[in-house]
Amino acid sequence: MTAPYEIRADHDNRTIVVYQAYPAAVADGALAAGRFVPPFSFGRMTWIKPSYLWLMHRSNWARKPGQERILAIRITRTAWDHALTHGTLTTRHPEEVARADIHIQWDPERSLRGAALNHYSIQVGIGRTLIRAYADDWTTDITDLTARTRTIADLLRTGRHTQARRLLPPERPYPNLPASLTDGR
């Protein structure tokens with residue numbers, strides 16, 4: 001049985017993969033440079049998600065305007081653990097959330113078909129003060145998953161769910177979830 005609040009991600013001893021959806025101009029620039037560059041916005045919070053299926057729900061399988069490109073961003077576990085340790089749950093007092101550089105939010109995880117599940121997926125909002133560190137220091141690799149995403153979506157539309165599932169990125173429980181991120185839940 002899956003724990004209600006558990007991070008499931010593609011990770012190794014040094015890095016973890018998070019996903020984001022962008023318009024082509026942002027994705028192309030990031031892929032060409034190997035890091036985020038303009039027109040990526042360094043002036044607003046960016047949300048990273050270790051759950052591929054949650055992002056697929058959010059981006060409608062890369063069909064939502066402005067979210068047509070799916071990127072897998074590999075960041076250091078040191079940076080990820082820092083974000084988890086220093087993040088503030090969005091359910092805290094609004095003044096505390098407003099002061100926070102890192103926001104943490106739990107949303108229902110999604111099934112392959114998009115249904116809400118009874119366990120949660122984490123999203124981490126990286127604030128303006130840390131955007132440059134995210135782009136320049138945290139990120140070790142950026143991979144375009146758009147073609148793979150579209151293949152999975154096509155398989156789902158044609159009822160080939162088993163084949164689609166085989167193409168999903170791997171995700172397994174991530175260790176070291178700070179207790180403060182699940183307290184009172």
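At a threshold of 4.5 Å between non-hydrogen side-chain atoms, the residues Leu177 and Glu6 do not count as touching. A heavy-atom distance below 4.5 Å is not found between the side chains of Trp47 and Gln20. Side-chain contact between Thr76 and His82 is absent, with no heavy-atom pair separated by less than 4.5 Å. For the pair Pro50/Arg8, no side-chain contact is recorded, criterion being any heavy-atom separation below 4.5 Å from C-beta on. Side-chain contact between Arg77 and His11 is present, with at least one heavy-atom pair separated by less than 4.5 Å. Taking 4.5 Å as the limit, some side-chain heavy atom of Glu68 sits within range of a side-chain heavy atom of Arg150. Side-chain contact between Ile75 and Ile48: present, with at least one pair of heavy atoms (C-beta onward) separated by less than 4.5 Å. Ile131 is listed as a side-chain neighbour of Phe40, based on a closest heavy-atom distance under 4.5 Å.
Closest approach of Ala100 and Thr88 over heavy atoms only: CB-OG1, 3.4 Å. Contact record, Leu53 with Ser111: CD1-C, 4.0 Å, taken as the closest heavy-atom pair. What you find for Ala27 and Arg69 is that their closest heavy atoms are CB-CB, 3.6 Å. Heavy-atom minimum distance, Leu89 versus Ser180: CD1-O, 3.6 Å. Counting all heavy atoms, side chain and backbone alike, Arg110 lies closest to Ala116 at NH1-N, 3.4 Å. His119 and Ala3 get closest at one heavy-atom pair: CB-O, 3.5 Å.
Using modelled atom types, one side-chain atom of Arg148 and one backbone atom of Leu167 make a donor-acceptor pair closer than 3.5 Å. Not a single donor-acceptor pair under 3.5 Å links the side chain of His103 to the backbone N or O of Gly127. Remark: side-chain polar atoms of Thr158 are paired, donor with acceptor, to backbone N or O of Leu155 under 3.5 angstrom.
The distance from the CD1 atom of Ile152 to the CE atom of Met56 is 8.0 Å, given to the nearest 0.5 Å. For the atom pair Ile104 CD1 and Leu181 CG, the distance stands at 5.5 Å (nearest 0.5 Å). Note that the CD1 atom of Ile142 and the CG atom of Leu71 stand 6.5 Å from one another [nearest 0.5 Å]. Atom CD1 in Ile16 sits 7.5 Å away from atom CG in Leu84 (nearest 0.5 Å). Within the model, atoms OG1 of Thr140 and CZ of Arg14 stand 5.5 Å from one another, a figure rounded to the nearest 0.5 Å. To the nearest 0.5 angstrom, Gln163 atom CD is 10.5 Å from Leu156 atom CG.
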*side-chain contact (heavy atoms from CB on, under 4.5 Å) between Asp81 and Tyr174, intermediate numbers included*: CA-CA 10 Å; Asp81 290 341; Tyr174 184 83; 2.6 Å; yes

*Go through the steps for Arg58 and Gln67 under the test side-chain contact (heavy atoms from CB on, under 4.5 Å), then give the verdict.*
CA-CA 9 Å; Arg58 176 79 172 83; Gln67 297 183 25; 3.4 Å; yes

*Start with the C-alpha distance between Asp10 and Tyr52, add both sets of side-chain angles, then the distance that settles side-chain contact (heavy atoms from CB on, under 4.5 Å), and finish with yes or no.*
CA-CA 9 Å; Asp10 179 2; Tyr52 177 80; over 6 Å; no

*Given side-chain contact (heavy atoms from CB on, under 4.5 Å), test Val17 with Arg74 step by step and report yes or no.*
CA-CA 4 Å; Val17 175; Arg74 191 167 287 278; 3.2 Å; yes

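Taking the six-membered ring where the residue is Trp, Phe36 and Tyr134 present parallel rings, their angle staying beneath 30° rather than reaching 60°. Note on ring orientation: taking the six-membered ring where Trp is involved, the planes of Tyr120 and Tyr5 are parallel (angle under 30°, cut-offs 30° and 60°).
Linking ILVMFWY side-chain heavy atoms closer than 4.5 Å, directly or via other members, places Tyr22 and Ile70 in two distinct hydrophobic clusters. When hydrophobic clusters are built by joining Ile, Leu, Val, Met, Phe, Trp and Tyr residues whose side-chain heavy atoms come closer than 4.5 Å, directly or via intermediates, Leu55 is grouped together with Leu168. Both Ile73 and Leu130 are assigned to one and the same hydrophobic cluster, defined by single-linkage of ILVMFWY side chains at heavy-atom distances under 4.5 Å. Following chains of ILVMFWY side-chain contacts shorter than 4.5 Å, one cannot reach Tyr19 starting from Trp106, and the two form parts of different hydrophobic clusters. Hydrophobic cluster membership differs between Ile102 and Met45, with clusters built from Ile, Leu, Val, Met, Phe, Trp and Tyr side chains linked at under 4.5 angstrom.
Here Asp154 does not pair with Arg160 in a salt bridge; the nearest charged N to carboxylate O distance is not below 4.0 Å.
Annotation: Arg165, atom CZ; neighbour count of heavy atoms from other residues, nucleotides and ligands within 6.0 Å does not exceed 12. The 12-atom threshold is not exceeded at CZ of Arg44, counting heavy atoms of other residues, nucleotides or ligands nearer than 6.0 Å.
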